[in-house]
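Down below is the structure, laid out as structure tokens.
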Amino acid sequence: MRKPALFAAHEVPYYWRVELDRDQKLAVHEYWLNADTLAYFPAPSHPVHHDKLVTELPFPVEVDLDALVGF
């Protein structure tokens with residue numbers, strides 16, 4: 001099983017996919033679980049984070065993504 005399907009089957013409410021884009025910068029894709037369909041959909045107000053990850057769900061967090069690339 002692919003990870004998103006496995007997470008959805010276990011009703012994990014939020015899923016982030018982190019990847020390097022073409023410019024070697026981090027991109028964080030934020031997904032929320034639809035409890036009725038058990039499928040993920042992109043977060044409505046901020047589906048992809050570049051430079052800085054700022055979100056309130058599942059908890060308030062702010063991460064400087066640019067600083068992580070050179071870490």
Side-chain angles (χ1 to χ4, degrees):
M1 272 183 124
R2 295 174 46 131
K3 285 184 183 181
L6 181 64
F7 294 162
H10 286 87
E11 299 183 22
V12 175
Y14 306 101
Y15 175 71
W16 297 346
R17 189 180 80 234
V18 180
E19 57 188 35
L20 282 173
D21 64 14
R22 292 180 185 158
D23 298 329
Q24 297 301 301
K25 295 183 77 170
L26 286 178
V28 177
H29 301 261
E30 184 176 350
Y31 297 96
W32 296 357
L33 182 67
N34 179 319
D36 295 329
T37 63
L38 293 181
Y40 287 102
F41 63 94
S45 60
H46 39 68
V48 182
H49 301 268
H50 298 280
D51 304 317
K52 185 180 283 190
L53 165 65
V54 179
T55 189
E56 293 296 318
L57 299 171
F59 47 82
V61 65
E62 186 173 322
V63 178
D64 183 351
L65 299 174
D66 288 336
L68 292 177
V69 174
F71 186 64

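Quick note: numbers below take in every heavy atom, side chains included, and nothing from hydrogens, waters or symmetry partners.
To the nearest 0.5 Å, atom CG of residue Asp64 and atom CG of residue Leu53 are 10.5 Å apart. Note that OG1 of Thr55 and CD of Glu30 are 3.5 Å apart. Values are rounded to the nearest 0.5 Å.
Tyr14 is not connected to Leu6 by any chain of hydrophobic side-chain contacts under 4.5 Å among Ile, Leu, Val, Met, Phe, Trp and Tyr, and they are in different clusters. Connection of Leu68 to Val18 is established within a shared hydrophobic cluster, with ILVMFWY side chains joined at heavy-atom distances below 4.5 Å, either directly or through further cluster members. Residues Leu26 and Val54 do not share a hydrophobic cluster, clusters being chains of Ile/Leu/Val/Met/Phe/Trp/Tyr side chains in contact below 4.5 Å. One hydrophobic cluster, built from ILVMFWY side chains closer than 4.5 Å, holds both Val63 and Leu20.
Below 30°, between 30° and 60°, or above 60°: for Tyr31 and His29 the angle between ring planes is below 30°, a parallel geometry. Between Tyr15 and Tyr40, the ring planes are tilted. Angles from 30° to 60° get that label.
Side chain of Asp23 to backbone of Lys25: no donor-acceptor contact under 3.5 angstrom is found.
In terms of heavy atoms, Trp16 sits closest to Val61 at CH2-CG1, 3.9 Å. Of all non-hydrogen atoms in Ala8 and Leu38, the two that sit nearest each other are CB-O, 3.2 Å.
Two residues are said to be in side-chain contact when any heavy atoms from C-beta on lie closer than 4.5 Å; His50 and Asp21 meet this criterion.
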